2 protein chains.
Amino acid sequence: MAKLAISEKIAHCAPVDCGDCPIRHRAVCARCESDELELLEQIKYYRNFEAGQTVIWSGDQMDFVASVVSGIATLTQTMEDGRTQMVGLLLPSDFVGRPGRECAAYDVVATTDMVMCCFRRKPFEQMMVRTPHIAQRLLEMTLDELDAAREWMLVLGRKTAREKIASLIAIIARRDAALSMQGMRGPLVFDLPLTREAMADYLGLTLETVSRQVSALKKDGVISLEGKRRVTIPDMGRLLEEAGDDSDGGLLV
Amino acid sequence: MAKLAISEKIAHCAPVDCGDCPIRHRAVCARCESDELELLEQIKYYRNFEAGQTVIWSGDQMDFVASVVSGIATLTQTMEDGRTQMVGLLLPSDFVGRPGRECAAYDVVATTDMVMCCFRRKPFEQMMVRTPHIAQRLLEMTLDELDAAREWMLVLGRKTAREKIASLIAIIARRDAALSMQGMRGPLVFDLPLTREAMADYLGLTLETVSRQVSALKKDGVISLEGKRRVTIPDMGRLLEEAGDDSDGGLLV
DNA sequence: TAAACTCCTTGACTCAGATCAACCCTTGGA
DNA sequence: TCCAAGGGTTGATCTGAGTCAAGGAGTTTA
């Protein structure tokens, strides 16, 4: 039954013209000219995933790379004894996989329903050699991710539980504001795309601590909640202070 | 006096022929053909730094990029209240700076005497557009660093103090073995290139905890020490177990 | 030759966050 | 209509690492 639902979704997913693609200007193909885009169009295919589905297991053979078109996925690492750490959050336009690498290095799990634009690895690698625009954009995106990872190292290594929660909410809020173009004026409203447990895995905390600190931030008026997931931020500056960040907001990501 | 010492060193540092460069096959220029190398040779210059010297302050204008030729530097981030987190360790052949970025994002500090091979940013950026071999290699190196940063996120987020120390020692040991070609057979011997405080900054710990855990690993026979810095590892497998890693050793970095 | 550093170690005490446990609410089968 | 499961909250208790404090060992300065 579940399987039927999946195939149905795949059928649904008629190939989109790259020109109409929602991530056209941010993904790995962002710099491609129309002729380059046509080549990509020939080798691309779409795949759908349901919330909760594992896209790839760490260590598995991985013979494609892909862009997230819509939905959210997590990148996690697991130790033998079961401790897990999220090492990345994949949002629309983010790139999955590494050219030149056979096997996946992390588990990739869809946290919402998701659409991915995939390319078989070999043809993609060949294209990369010929079309520098793709490699250029991929370099730029990888450098951005490296900065994000390093920023996160500060969060994991030196921030308190409360600061960690505030940092995560700030990041999601900022990303959401950028996407929905609502700007930074006035109160921000959005849904947390992660369960408490996933937040804990991202922050190097337990889910109980996450729950307690979210409650504390709510009690102190830094955020307000509608249900468990819908967050309102009355004052972004205040939130950033709580996150231990420079209250001037920092750079766009 | 200190200044005199520095200028003396700069004078010392006669430009080396790229063909004889110790990092020729690992640095950002690794894939360059001899004609490309000649172009690089025209725009490169060397700079020397003494142990303890700050190479760049976070936020400063940065109009060069560079490769570490010899010595070690750290990349650190600092919060307003003074908490600091190291986000990278720069070893010979590592690349510093980001094409397309005006200002440094992190503090870079030399922990040992150091030689860097520098390129003014603008000419380097222009060269990158024309010579894909440079961009290709930089992409590869950046992807490796991203993997390293993510590995470190697991260390920071989920490992105990003892595991963190073991992980750091294992990483330094492995890098050192690779460099000195002594292979993984038999006991490894090397010097810790970091003070206890720098180790603490890397691991998200206090220097007291670092000191205690180093002593504990010594007492338990996982490592042995000669002085404060010289480490011998009788059994790498044992160390990796203590680090919480798969004892099969993992991939080469 | 001592004084002043820097780097490191060790002990005693504290506390933030983990652990263990109980319980609530919502959703969706059967 | 109930029951099971997933997601979330809250309380009591424990503990690993932080904090504060004293002191050692080796080097450089004067």
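Labels below follow one simple rule: chain letters A, B, ... track the order of the sequence lines, proteins then strands, and each chain is numbered from 1. What you see is a predicted model, and the numbers here were worked out from it, not measured in a lab.
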From [X] [atom1] over to [Y] [atom2], what is the distance, rounded to the nearest 0.5 angstrom?
{"X": "B:Lys219", "Y": "B:Arg212", "atom1": "NZ", "atom2": "CZ", "value": "13.5 Å"}
{"X": "A:Arg196", "Y": "A:Leu192", "atom1": "CZ", "atom2": "CG", "value": "6.5 Å"}
{"X": "B:Cys103", "Y": "B:Ile56", "atom1": "SG", "atom2": "CD1", "value": "11.0 Å"}

Please state how far atom [atom1] in [X] lies from atom [atom2] in [N], giving the value in whole angstrom units.
{"X": "A:Arg230", "N": "D:dG7", "atom1": "CZ", "atom2": "C1'", "answer": "18 Å"}
{"X": "B:Asp201", "N": "D:dG18", "atom1": "CG", "atom2": "C1'", "answer": "15 Å"}
{"X": "B:Met199", "N": "C:dC7", "atom1": "CE", "atom2": "P", "answer": "14 Å"}
{"X": "A:Leu225", "N": "D:dG7", "atom1": "CG", "atom2": "P", "answer": "18 Å"}
{"X": "B:Asp191", "N": "C:dC8", "atom1": "CG", "atom2": "P", "answer": "12 Å"}
{"X": "A:Leu203", "N": "C:dA18", "atom1": "CG", "atom2": "C1'", "answer": "15 Å"}
{"X": "B:Arg229", "N": "C:dT6", "atom1": "CZ", "atom2": "P", "answer": "15 Å"}
{"X": "B:Lys228", "N": "D:dA25", "atom1": "NZ", "atom2": "P", "answer": "8 Å"}

Using the 3.5 Å cut-off, write out each protein N or O paired with an N or O of nucleotides 13-17 of chain C and the distance between them.
residue	atom	partner	partner atom	Å
C:dG17	OP1	A:Ala161	N	2.8

Problem - Side chains of B:Leu225 and B:Val231 in contact at under 4.5 Å (non-hydrogen atoms) - result: yes

Practice task
With the side chain counted from C-beta on, respond yes when A:Leu91 and A:Ile72 share a heavy-atom pair under 4.5 Å apart, and no when they do not.
Solution key: yes

Handout entry: Single hit among B:Thr78, B:Thr76, B:Asp201 for side chain to side chain donor-acceptor pair (under 3.5 Å) with B:Thr84
Key = B:Asp201

Practice task
Have a look at B:Ser211 and say if it touches a base, only the backbone sugar-phosphate, or nothing, with a 4.0 Å heavy-atom cut-off.
Solution key: base

Practice task
Taking the six-membered ring of A:Phe190 (Phe, Tyr or Trp), confirm whether the NZ or CZ of A:Arg175 is under 6.0 Å from its centre and within 45° of its axis.
Solution key: no

For nucleotides 20-24 of chain C, list the nitrogen or oxygen atoms of the protein found under 3.5 Å from its nitrogen or oxygen atoms, one pair per line.
residue	atom	partner	partner atom	Å
C:dC20	N4	A:Glu208	OE2	3.2

Exercise for the section: Give a yes-or-no answer on whether the side chains of A:Ser167 and A:Lys159 include a donor-acceptor pair shorter than 3.5 Å. Expected result: yes

Practice task
Verify, without hydrogens or angle tests, whether A:Ser215 (side chain) and A:Ser211 (backbone) share a donor-acceptor contact under 3.5 angstrom.
Solution key: yes

Exercise for the section: May I ask you to verify if any side-chain N or O of B:Thr195 is less than 4.0 angstrom from the OP1 or OP2 atom of C:dT6? Expected result: no

